**Student:** 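Structure incoming, see below.
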Amino acid sequence: MENVVVLIVGAGPAGLATAACLTQFSIPYVIVERENCSASLWRNRAYDRLKLHLAKEFCELPHMSYPPDAPTYIPKALFLKYLDEYMERFNIQPKYLTSVESSKYDDDKKYWSIVARDMVEGTTINFIAKFLVVASGENSAENIPEIPELHSFPGEAIHSSRYKSGKNFLGKSVLVIGSGNSGMEIAYDLATHGANTSIVIRSPIHVMTKELIRLGMTLAQHLPLNLVDSLLVMATKYIFGDLSRHGIRMPKMGPMTLKSKTGRSAVIDVGTIGLIKRGIIQVEGSIIKIMGNIVKFQSGNEIPFDAIVFATGYKSTANMWLKNGESMLNDNGLPTKEYPNHWKGENRLYCAGLARRGLAGIAADAKNIADDIKSVIRSMCG
(Lines give C-alpha, C1' and ligand atoms only; values in the text may rest on other atoms or scores of the structure.)
Protein backbone atom coordinates (compact mmCIF):
# COMPACT_ATOMS: atom_id res chain seq x y z
CA MET A 1 0.00 0.00 0.00
CA GLU A 2 1.45 3.38 -1.07
CA ASN A 3 0.19 6.52 0.69
CA VAL A 4 0.44 9.57 -1.57
CA VAL A 5 -0.81 13.14 -1.32
CA VAL A 6 -1.60 13.53 -5.05
CA LEU A 7 -1.81 10.75 -7.62
CA ILE A 8 -1.58 11.94 -11.25
CA VAL A 9 -2.73 9.41 -13.86
CA GLY A 10 -0.96 9.99 -17.19
CA ALA A 11 2.46 11.39 -18.13
CA GLY A 12 1.48 13.29 -21.25
CA PRO A 13 1.81 17.09 -21.37
CA ALA A 14 -1.17 17.48 -18.98
CA GLY A 15 0.30 15.21 -16.32
CA LEU A 16 3.76 16.76 -16.66
CA ALA A 17 2.35 20.30 -16.40
CA THR A 18 0.37 19.39 -13.27
CA ALA A 19 3.46 17.79 -11.71
CA ALA A 20 5.53 20.92 -12.41
CA CYS A 21 2.91 23.21 -10.85
CA LEU A 22 2.68 21.01 -7.74
CA THR A 23 6.49 21.07 -7.51
CA GLN A 24 6.40 24.89 -7.42
CA PHE A 25 4.37 24.59 -4.19
CA SER A 26 6.45 21.68 -2.81
CA ILE A 27 3.37 19.44 -2.85
CA PRO A 28 4.39 15.76 -3.11
CA TYR A 29 2.84 13.63 -5.84
CA VAL A 30 3.23 10.36 -7.72
CA ILE A 31 2.66 10.21 -11.48
CA VAL A 32 1.81 6.87 -13.14
CA GLU A 33 1.86 6.11 -16.87
CA ARG A 34 0.76 2.90 -18.60
CA GLU A 35 3.18 3.35 -21.55
CA ASN A 36 6.98 3.00 -21.32
CA CYS A 37 7.62 6.73 -21.92
CA SER A 38 6.16 10.17 -21.38
CA ALA A 39 3.99 11.80 -24.06
CA SER A 40 3.55 8.49 -25.90
CA LEU A 41 1.00 10.00 -28.29
CA TRP A 42 3.70 12.41 -29.52
CA ARG A 43 6.57 9.93 -29.46
CA ASN A 44 4.88 6.85 -30.90
CA ARG A 45 1.62 7.85 -32.58
CA ALA A 46 2.34 11.12 -34.39
CA TYR A 47 3.21 11.33 -38.10
CA ASP A 48 6.67 12.51 -39.12
CA ARG A 49 5.81 15.92 -40.60
CA LEU A 50 3.73 17.04 -37.59
CA LYS A 51 4.32 20.54 -36.18
CA LEU A 52 2.36 22.24 -33.42
CA HIS A 53 -0.55 23.90 -35.18
CA LEU A 54 -0.48 27.02 -33.00
CA ALA A 55 2.30 29.56 -32.56
CA LYS A 56 4.73 28.75 -29.75
CA GLU A 57 3.43 31.47 -27.42
CA PHE A 58 0.15 29.51 -27.16
CA CYS A 59 1.89 26.15 -26.64
CA GLU A 60 4.09 26.56 -23.57
CA LEU A 61 3.69 24.52 -20.41
CA PRO A 62 3.73 26.41 -17.08
CA HIS A 63 6.99 27.87 -15.75
CA MET A 64 9.16 27.13 -18.82
CA SER A 65 9.39 28.93 -22.17
CA TYR A 66 10.78 27.63 -25.43
CA PRO A 67 14.35 28.68 -26.27
CA PRO A 68 14.48 32.20 -27.83
CA ASP A 69 15.71 30.78 -31.15
CA ALA A 70 12.89 28.20 -31.42
CA PRO A 71 10.81 28.54 -34.62
CA THR A 72 7.31 30.03 -34.33
CA TYR A 73 5.70 26.66 -35.15
CA ILE A 74 7.44 23.94 -33.17
CA PRO A 75 8.19 20.65 -35.01
CA LYS A 76 7.55 17.30 -33.35
CA ALA A 77 11.22 16.56 -32.53
CA LEU A 78 11.76 19.96 -30.90
CA PHE A 79 8.55 19.63 -28.86
CA LEU A 80 9.71 16.25 -27.52
CA LYS A 81 13.09 17.80 -26.63
CA TYR A 82 11.21 20.57 -24.80
CA LEU A 83 9.21 17.97 -22.84
CA ASP A 84 12.37 16.05 -21.91
CA GLU A 85 14.01 19.25 -20.66
CA TYR A 86 10.81 20.15 -18.81
CA MET A 87 10.87 16.82 -16.96
CA GLU A 88 14.53 17.32 -16.11
CA ARG A 89 14.01 20.87 -14.84
CA PHE A 90 11.18 19.87 -12.49
CA ASN A 91 12.62 16.44 -11.67
CA ILE A 92 9.50 14.63 -12.89
CA GLN A 93 9.98 10.86 -12.65
CA PRO A 94 6.87 8.94 -13.74
CA LYS A 95 6.27 5.31 -12.78
CA TYR A 96 6.12 3.88 -16.30
CA LEU A 97 4.31 0.68 -17.35
CA THR A 98 1.92 1.19 -14.46
CA SER A 99 -1.69 0.85 -15.55
CA VAL A 100 -4.53 2.06 -13.33
CA GLU A 101 -7.26 -0.58 -13.21
CA SER A 102 -9.72 1.01 -10.80
CA SER A 103 -10.16 3.95 -8.46
CA LYS A 104 -12.87 4.59 -5.93
CA TYR A 105 -13.53 7.28 -3.34
CA ASP A 106 -13.93 6.09 0.26
CA ASP A 107 -16.59 8.34 1.81
CA ASP A 108 -15.81 7.27 5.36
CA LYS A 109 -12.04 7.66 5.24
CA LYS A 110 -12.09 10.58 2.78
CA TYR A 111 -9.45 9.29 0.39
CA TRP A 112 -9.14 7.76 -3.06
CA SER A 113 -8.31 4.07 -3.23
CA ILE A 114 -6.54 3.24 -6.50
CA VAL A 115 -5.55 -0.18 -7.83
CA ALA A 116 -2.80 -0.24 -10.47
CA ARG A 117 -0.86 -2.99 -12.20
CA ASP A 118 2.89 -3.13 -12.60
CA MET A 119 2.95 -4.33 -16.22
CA VAL A 120 6.54 -5.61 -15.96
CA GLU A 121 6.22 -7.62 -12.77
CA GLY A 122 2.54 -8.44 -13.25
CA THR A 123 1.88 -7.40 -9.65
CA THR A 124 -0.79 -5.16 -8.14
CA ILE A 125 0.03 -1.79 -6.55
CA ASN A 126 -2.48 -0.18 -4.20
CA PHE A 127 -2.40 3.59 -3.75
CA ILE A 128 -4.22 5.71 -1.22
CA ALA A 129 -4.40 9.35 -2.34
CA LYS A 130 -5.88 12.49 -0.83
CA PHE A 131 -6.17 14.04 -4.32
CA LEU A 132 -6.64 12.35 -7.70
CA VAL A 133 -5.80 14.01 -11.04
CA VAL A 134 -7.05 12.43 -14.27
CA ALA A 135 -4.47 13.42 -16.90
CA SER A 136 -4.80 10.37 -19.14
CA GLY A 137 -5.93 12.54 -22.04
CA GLU A 138 -8.72 12.82 -24.58
CA ASN A 139 -6.56 10.71 -26.86
CA SER A 140 -6.21 7.48 -24.89
CA ALA A 141 -7.76 5.09 -27.41
CA GLU A 142 -8.18 5.11 -31.19
CA ASN A 143 -11.67 6.00 -32.41
CA ILE A 144 -12.65 4.08 -35.56
CA PRO A 145 -16.27 4.55 -36.69
CA GLU A 146 -18.49 1.61 -37.62
CA ILE A 147 -18.80 1.38 -41.39
CA PRO A 148 -20.96 -1.37 -42.94
CA GLU A 149 -18.82 -4.20 -44.32
CA LEU A 150 -15.49 -2.59 -43.31
CA HIS A 151 -14.27 -6.10 -42.46
CA SER A 152 -14.52 -7.02 -46.16
CA PHE A 153 -11.87 -4.45 -47.16
CA PRO A 154 -8.79 -6.43 -48.30
CA GLY A 155 -6.27 -3.58 -48.21
CA GLU A 156 -4.46 -1.85 -45.37
CA ALA A 157 -6.85 0.03 -43.04
CA ILE A 158 -5.03 1.93 -40.30
CA HIS A 159 -5.76 4.61 -37.72
CA SER A 160 -3.83 7.88 -38.10
CA SER A 161 -1.87 6.97 -34.94
CA ARG A 162 -0.08 4.31 -37.02
CA TYR A 163 0.51 6.56 -40.03
CA LYS A 164 4.08 7.88 -40.35
CA SER A 165 4.69 8.98 -43.94
CA GLY A 166 3.17 8.88 -47.42
CA LYS A 167 6.34 7.39 -48.93
CA ASN A 168 4.95 3.87 -48.30
CA PHE A 169 1.89 4.59 -50.47
CA LEU A 170 3.48 5.71 -53.76
CA GLY A 171 1.13 4.91 -56.67
CA LYS A 172 -1.60 3.53 -54.39
CA SER A 173 -5.17 4.79 -54.13
CA VAL A 174 -5.72 5.90 -50.54
CA LEU A 175 -8.87 7.15 -48.80
CA VAL A 176 -8.47 9.42 -45.79
CA ILE A 177 -11.54 9.42 -43.53
CA GLY A 178 -11.75 12.52 -41.36
CA SER A 179 -11.17 16.18 -42.19
CA GLY A 180 -9.68 17.66 -39.04
CA ASN A 181 -6.10 18.89 -38.96
CA SER A 182 -4.66 15.35 -38.98
CA GLY A 183 -6.82 14.16 -41.89
CA MET A 184 -6.10 17.18 -44.06
CA GLU A 185 -2.38 17.05 -43.36
CA ILE A 186 -2.17 13.30 -43.97
CA ALA A 187 -4.04 13.76 -47.27
CA TYR A 188 -1.47 16.41 -48.28
CA ASP A 189 1.41 14.16 -47.24
CA LEU A 190 0.01 11.21 -49.23
CA ALA A 191 -0.59 13.30 -52.36
CA THR A 192 2.88 14.86 -52.29
CA HIS A 193 4.38 11.37 -51.98
CA GLY A 194 2.59 10.22 -55.15
CA ALA A 195 -0.50 8.49 -53.75
CA ASN A 196 -3.86 8.88 -55.52
CA THR A 197 -5.59 10.55 -52.60
CA SER A 198 -9.23 11.09 -51.66
CA ILE A 199 -10.59 12.54 -48.42
CA VAL A 200 -14.00 12.22 -46.80
CA ILE A 201 -15.33 15.63 -45.70
CA ARG A 202 -18.80 15.27 -44.22
CA SER A 203 -19.20 18.13 -41.72
CA PRO A 204 -18.77 21.88 -42.31
CA ILE A 205 -15.27 23.09 -41.39
CA HIS A 206 -13.42 26.39 -41.13
CA VAL A 207 -10.20 26.40 -43.15
CA MET A 208 -7.60 28.98 -42.13
CA THR A 209 -3.90 29.71 -42.40
CA LYS A 210 -1.70 29.37 -39.31
CA GLU A 211 -1.04 33.11 -39.47
CA LEU A 212 -4.79 33.83 -39.34
CA ILE A 213 -5.22 31.53 -36.33
CA ARG A 214 -2.37 33.32 -34.56
CA LEU A 215 -3.95 36.69 -35.38
CA GLY A 216 -7.37 35.48 -34.19
CA MET A 217 -6.04 34.18 -30.88
CA THR A 218 -4.16 37.43 -30.30
CA LEU A 219 -7.16 39.64 -31.18
CA ALA A 220 -9.48 37.49 -29.03
CA GLN A 221 -7.57 38.69 -25.97
CA HIS A 222 -8.71 42.25 -26.69
CA LEU A 223 -11.87 42.15 -28.85
CA PRO A 224 -15.30 40.40 -28.71
CA LEU A 225 -15.24 36.94 -30.35
CA ASN A 226 -18.01 37.77 -32.85
CA LEU A 227 -15.97 40.69 -34.17
CA VAL A 228 -12.82 38.56 -34.43
CA ASP A 229 -14.87 35.86 -36.20
CA SER A 230 -16.20 38.37 -38.76
CA LEU A 231 -12.66 39.49 -39.59
CA LEU A 232 -11.36 35.92 -39.87
CA VAL A 233 -14.24 34.71 -42.08
CA MET A 234 -13.76 37.72 -44.39
CA ALA A 235 -10.03 36.97 -44.61
CA THR A 236 -10.52 33.25 -45.30
CA LYS A 237 -13.00 33.95 -48.11
CA TYR A 238 -10.48 36.34 -49.64
CA ILE A 239 -7.60 33.84 -49.34
CA PHE A 240 -9.36 30.59 -50.31
CA GLY A 241 -12.42 31.76 -52.26
CA ASP A 242 -15.68 29.80 -52.30
CA LEU A 243 -14.78 26.25 -51.22
CA SER A 244 -18.36 24.93 -51.38
CA ARG A 245 -17.87 24.07 -55.07
CA HIS A 246 -15.07 21.73 -53.94
CA GLY A 247 -17.26 19.99 -51.33
CA ILE A 248 -16.12 22.05 -48.32
CA ARG A 249 -18.86 23.94 -46.44
CA MET A 250 -18.29 26.56 -43.74
CA PRO A 251 -20.06 26.27 -40.34
CA LYS A 252 -22.64 28.92 -39.42
CA MET A 253 -20.77 29.63 -36.17
CA GLY A 254 -17.53 31.59 -36.49
CA PRO A 255 -14.18 29.83 -35.90
CA MET A 256 -13.29 31.38 -32.51
CA THR A 257 -16.84 31.01 -31.14
CA LEU A 258 -17.02 27.41 -32.39
CA LYS A 259 -13.76 26.60 -30.61
CA SER A 260 -14.91 28.35 -27.44
CA LYS A 261 -18.33 26.63 -27.31
CA THR A 262 -17.59 23.15 -28.67
CA GLY A 263 -13.80 22.69 -28.59
CA ARG A 264 -13.83 22.09 -32.38
CA SER A 265 -10.81 23.67 -34.03
CA ALA A 266 -10.50 25.28 -37.44
CA VAL A 267 -8.41 23.33 -39.95
CA ILE A 268 -5.04 24.93 -40.59
CA ASP A 269 -4.20 24.55 -44.26
CA VAL A 270 -0.74 23.13 -45.04
CA GLY A 271 -1.32 23.12 -48.82
CA THR A 272 -4.19 20.63 -48.97
CA ILE A 273 -6.73 23.16 -50.28
CA GLY A 274 -4.53 24.03 -53.25
CA LEU A 275 -4.28 20.33 -54.16
CA ILE A 276 -8.07 19.93 -53.80
CA LYS A 277 -8.66 22.91 -56.10
CA ARG A 278 -6.29 21.44 -58.67
CA GLY A 279 -8.08 18.09 -58.54
CA ILE A 280 -5.02 16.27 -57.16
CA ILE A 281 -6.92 15.39 -53.95
CA GLN A 282 -10.55 14.29 -54.46
CA VAL A 283 -13.23 15.23 -51.90
CA GLU A 284 -15.94 12.66 -51.12
CA GLY A 285 -18.97 12.82 -48.82
CA SER A 286 -20.43 10.23 -46.46
CA ILE A 287 -19.72 6.53 -46.94
CA ILE A 288 -22.68 4.17 -47.33
CA LYS A 289 -20.76 0.89 -47.24
CA ILE A 290 -17.63 -0.96 -48.26
CA MET A 291 -17.77 -3.84 -50.74
CA GLY A 292 -14.38 -5.51 -50.82
CA ASN A 293 -11.97 -2.88 -52.12
CA ILE A 294 -14.85 -0.69 -53.41
CA VAL A 295 -16.13 2.17 -51.26
CA LYS A 296 -19.67 3.32 -52.01
CA PHE A 297 -20.41 6.97 -51.19
CA GLN A 298 -23.71 8.77 -50.62
CA SER A 299 -23.14 10.63 -53.90
CA GLY A 300 -23.45 7.30 -55.71
CA ASN A 301 -19.71 7.15 -56.49
CA GLU A 302 -18.16 3.68 -56.18
CA ILE A 303 -14.36 3.90 -56.02
CA PRO A 304 -11.69 1.21 -55.49
CA PHE A 305 -8.98 1.86 -52.88
CA ASP A 306 -5.79 0.09 -51.85
CA ALA A 307 -5.67 1.59 -48.35
CA ILE A 308 -7.76 3.55 -45.84
CA VAL A 309 -6.43 5.92 -43.17
CA PHE A 310 -8.84 6.72 -40.34
CA ALA A 311 -8.09 10.26 -39.14
CA THR A 312 -11.15 10.00 -36.90
CA GLY A 313 -9.60 11.03 -33.62
CA TYR A 314 -9.41 9.40 -30.25
CA LYS A 315 -11.53 8.91 -27.16
CA SER A 316 -10.94 9.09 -23.43
CA THR A 317 -10.74 5.82 -21.48
CA ALA A 318 -10.94 7.35 -17.99
CA ASN A 319 -14.44 5.95 -17.42
CA MET A 320 -13.07 2.42 -17.69
CA TRP A 321 -11.20 2.78 -14.40
CA LEU A 322 -12.65 5.83 -12.60
CA LYS A 323 -15.55 5.24 -10.20
CA ASN A 324 -17.33 8.05 -8.32
CA GLY A 325 -16.26 10.48 -11.04
CA GLU A 326 -19.75 11.35 -12.32
CA SER A 327 -19.50 14.88 -10.94
CA MET A 328 -16.63 15.58 -13.32
CA LEU A 329 -16.81 13.28 -16.36
CA ASN A 330 -19.69 12.17 -18.57
CA ASP A 331 -20.22 8.75 -20.17
CA ASN A 332 -17.62 9.58 -22.84
CA GLY A 333 -14.96 10.33 -20.22
CA LEU A 334 -15.08 14.08 -20.97
CA PRO A 335 -15.94 16.94 -18.59
CA THR A 336 -19.59 17.44 -17.63
CA LYS A 337 -19.06 21.13 -16.83
CA GLU A 338 -18.38 23.67 -19.50
CA TYR A 339 -15.01 25.36 -19.91
CA PRO A 340 -13.54 27.05 -17.89
CA ASN A 341 -15.09 25.23 -14.88
CA HIS A 342 -14.53 21.71 -16.21
CA TRP A 343 -11.33 20.82 -14.29
CA LYS A 344 -12.75 20.14 -10.83
CA GLY A 345 -15.07 17.42 -9.57
CA GLU A 346 -16.16 16.42 -6.09
CA ASN A 347 -14.07 14.74 -3.39
CA ARG A 348 -10.77 16.32 -4.46
CA LEU A 349 -10.98 14.91 -7.97
CA TYR A 350 -9.52 16.88 -10.89
CA CYS A 351 -8.90 16.53 -14.63
CA ALA A 352 -6.22 18.15 -16.77
CA GLY A 353 -6.18 18.30 -20.56
CA LEU A 354 -9.71 17.06 -21.24
CA ALA A 355 -11.33 20.33 -22.37
CA ARG A 356 -10.17 20.29 -26.01
CA ARG A 357 -8.23 23.49 -25.51
CA GLY A 358 -4.79 22.24 -26.57
CA LEU A 359 -1.58 23.04 -24.74
CA ALA A 360 -2.82 26.46 -23.58
CA GLY A 361 -5.80 24.73 -21.96
CA ILE A 362 -3.50 22.16 -20.37
CA ALA A 363 -1.36 24.94 -18.84
CA ALA A 364 -4.46 26.66 -17.41
CA ASP A 365 -5.81 23.37 -15.99
CA ALA A 366 -2.48 22.51 -14.33
CA LYS A 367 -2.23 25.93 -12.65
CA ASN A 368 -5.86 25.82 -11.46
CA ILE A 369 -5.47 22.30 -10.05
CA ALA A 370 -2.23 23.07 -8.20
CA ASP A 371 -3.68 26.32 -6.78
CA ASP A 372 -6.79 24.49 -5.58
CA ILE A 373 -4.86 21.60 -4.01
CA LYS A 374 -2.58 24.11 -2.25
CA SER A 375 -5.61 25.94 -0.84
CA VAL A 376 -7.32 22.71 0.32
CA ILE A 377 -4.11 21.51 2.04
CA ARG A 378 -3.77 24.90 3.73
CA SER A 379 -7.36 24.71 5.02
CA MET A 380 -6.78 21.12 6.26
CA CYS A 381 -3.69 22.23 8.17
CA GLY A 382 -5.49 25.28 9.49
Side-chain angles (χ1 to χ4, degrees), residues 1-34 62 98-116 125-141 260-263 315-357 361-382:
M1 186 75 70
E2 288 196 36
N3 263 295
V4 301
V5 178
V6 184
L7 185 74
I8 303 170
V9 181
L16 302 180
T18 306
C21 290
L22 291 171
T23 299
Q24 293 297 97
F25 296 141
S26 301
I27 297 171
Y29 67 86
V30 169
I31 181 167
V32 295
E33 168 58 55
R34 68 181 182 184
T98 303
S99 176
V100 173
E101 296 188 333
S102 69
S103 62
K104 189 174 183 182
Y105 187 71
D106 190 316
D107 268 317
D108 297 327
K109 295 176 180 171
K110 307 295 181 197
Y111 61 60
W112 285 91
S113 176
I114 300 109
V115 178
I125 311 167
N126 293 292
F127 293 98
I128 286 177
K130 288 187 175 68
F131 303 88
L132 179 61
V133 180
V134 178
S136 46
E138 317 163 322
N139 303 328
S140 304
S260 172
K261 292 199 169 176
T262 69
K315 52 192 174 186
S316 166
T317 57
N319 281 4
M320 294 170 67
W321 54 265
L322 178 66
K323 306 298 176 209
N324 313 117
E326 300 81 4
S327 67
M328 189 178 75
L329 300 181
N330 61 23
D331 291 343
N332 297 319
L334 296 173
T336 53
K337 295 178 196 166
E338 288 192 8
Y339 177 88
N341 305 308
H342 60 283
W343 54 272
K344 185 178 179 181
E346 293 171 1
N347 304 318
R348 302 190 294 274
L349 175 67
Y350 305 90
C351 66
L354 290 181
R356 296 180 174 170
R357 290 296 187 286
I362 282 171
D365 288 351
K367 289 174 185 171
N368 284 332
I369 290 166
D371 286 344
D372 198 71
I373 289 175
K374 178 189 175 185
S375 125
V376 173
I377 288 174
R378 187 176 285 165
S379 66
M380 285 168 144
C381 296

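Just so you know, these numbers come straight off a predicted model, no measurement behind them.
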**Student:** With S327, which residues qualify under side chain to side chain contact (heavy atoms under 4.5 Å, CB included), at least two apart?
**Tutor:**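 Result, side chain to side chain contact (heavy atoms under 4.5 Å, CB included) vs S327: E346.
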**Student:** With sequence neighbours excluded, tell me which residues meet side chain to side chain contact (heavy atoms under 4.5 Å, CB included) with T98.
**Tutor:**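 Residues passing side chain to side chain contact (heavy atoms under 4.5 Å, CB included) with T98: V32, K95, A116, I125.
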**Student:** Verify side-chain contact (heavy atoms from CB on, under 4.5 Å) between I114 and V9, making sure each step is shown before the conclusion.
**Tutor:** CA-CA 10 Å; I114 300 109; V9 181; 5.7 Å; no
**Student:** What's the spacing between S103 OG and L349 CG if we round to 0.5 Å?
**Tutor:**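 One gets 8.0 Å once the value is rounded to the nearest 0.5 Å.
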**Student:** If you define the side chain from C-beta out and look only at heavy atoms, does anything of W343 sit under 4.5 Å from P335?
**Tutor:**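 The answer is no, as the side chains (C-beta and beyond) never meet within the 4.5 Å cut-off.
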**Student:** Just jot down the side chain to side chain contact (heavy atoms under 4.5 Å, CB included) partners of N3, sequence neighbours excluded, or say none.
**Tutor:**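 With neighbours one apart ignored, the set is I128.
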**Student:** With rounding to the nearest 0.5 Å, note down the distance linking CD in E33 to CD1 in I8.
**Tutor:**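 Reported value, rounded in 0.5 Å steps: 12.0 Å.
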**Student:** Atom CZ in R378, atom CD1 in I373: separation rounded to 0.5 Å?
**Tutor:**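 Rounded to the nearest 0.5 Å, the CZ-CD1 separation comes out at 13.5 Å.
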**Student:** Atom CG in N324, atom NZ in K104: separation rounded to 0.5 Å?
**Tutor:**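 Here the rounded value is 6.5 Å.
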**Student:** Quick one: list whatever passes side chain to side chain contact (heavy atoms under 4.5 Å, CB included) with S99, sequence neighbours left out.
**Tutor:**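 Side chain to side chain contact (heavy atoms under 4.5 Å, CB included) list for S99, sorted by chain: R34, M119.
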**Student:** Can you check whether K110's main-chain N or O pairs, donor with acceptor, with N347's side chain at less than 3.5 Å?
**Tutor:**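 Here the side-chain-to-backbone pair does not exist.
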**Student:** Measure the spacing between OG of S375 and CE of M380 and express it to the nearest 0.5 Å.
**Tutor:**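 Taking OG in S375 and CE in M380, the distance rounds to 10.5 Å.
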**Student:** If you count the non-hydrogen atoms of other residues, nucleotides and ligands that lie under 6.0 Å from NZ in K337, is the total more than 12?
**Tutor:**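 Yes - once you tally the heavy atoms of other residues, nucleotides and ligands closer than 6.0 Å, there are more than 12.
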**Student:** Kindly indicate whether the side chain of V6, heavy atoms from C-beta on, has any atom under 4.5 Å from the side chain of I369.
**Tutor:**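 Sidechains of I369 and V6: no contact.
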**Student:** Hey, can you pull the donor-acceptor pairs under 3.5 Å for the side chains in residues 19-29, sequence neighbours left out?
**Tutor:**
| residue | atom | partner | partner atom | Å |
| --- | --- | --- | --- | --- |
| T23 | OG1 | A19 | O | 2.8 |

**Student:** Testing the basics here: between L16 and I31, what is the closest heavy-atom pair and its distance to 0.1 Å?
**Tutor:**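 Taking every non-hydrogen atom into account, N-CD1, 4.2 Å.
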**Student:** I'd like to know if the side chain of D365 reaches the main chain of G353, judged simply by a donor and an acceptor atom lying under 3.5 Å from each other, with no hydrogens or angles considered.
**Tutor:**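 Yes, because the side chain of D365 sits within donor-acceptor range (under 3.5 Å) of the backbone of G353.
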**Student:** For a quick test of reading the model, state the closest non-hydrogen atom pair linking V5 to I377 and the distance between them.
**Tutor:**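 It is CG1-CD1, 4.1 Å.
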**Student:** At what distance, to the nearest 0.5 angstrom, does CE of M328 lie from OH of Y350?
**Tutor:**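 The distance works out to 10.5 Å.
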**Student:** Could you report the tightest heavy-atom contact between H342 and C351, atom names first, then the distance?
**Tutor:**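 Shortest heavy-atom contact: O-SG, 3.5 Å.
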**Student:** To check you understand the geometry: which heavy-atom pair defines the closest contact between I362 and A14, and what is its length?
**Tutor:**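 Heavy atoms of I362 and A14 come nearest at CG2-CA, 3.5 Å.
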**Student:** What residues form a ring-ring contact (aromatic ring centres under 6.0 Å, His included) with F127, not counting sequence neighbours?
**Tutor:**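 Result, ring-ring contact (aromatic ring centres under 6.0 Å, His included) vs F127: none returned.
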**Student:** E101: which residues meet the salt bridge (Lys or Arg N to Asp or Glu O under 4.0 Å) condition with it, sequence neighbours left out?
**Tutor:**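 Once residues adjacent in sequence are excluded, the partners of E101 under the salt bridge (Lys or Arg N to Asp or Glu O under 4.0 Å) criterion are R117.
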**Student:** Partners of W112 by ring-ring contact (aromatic ring centres under 6.0 Å, His included), sequence neighbours excluded?
**Tutor:**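 Here the qualifying residues are Y105.
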**Student:** Please list, chain by chain and in numerical order, all residues satisfying salt bridge (Lys or Arg N to Asp or Glu O under 4.0 Å) with D372, sequence neighbours excluded.
**Tutor:**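 Partners of D372 under the salt bridge (Lys or Arg N to Asp or Glu O under 4.0 Å) test: K344.
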**Student:** Check K261 against R357 and note the closest heavy-atom contact, atom names and distance.
**Tutor:**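 Heavy atoms of K261 and R357 come nearest at N-NH2, 4.3 Å.
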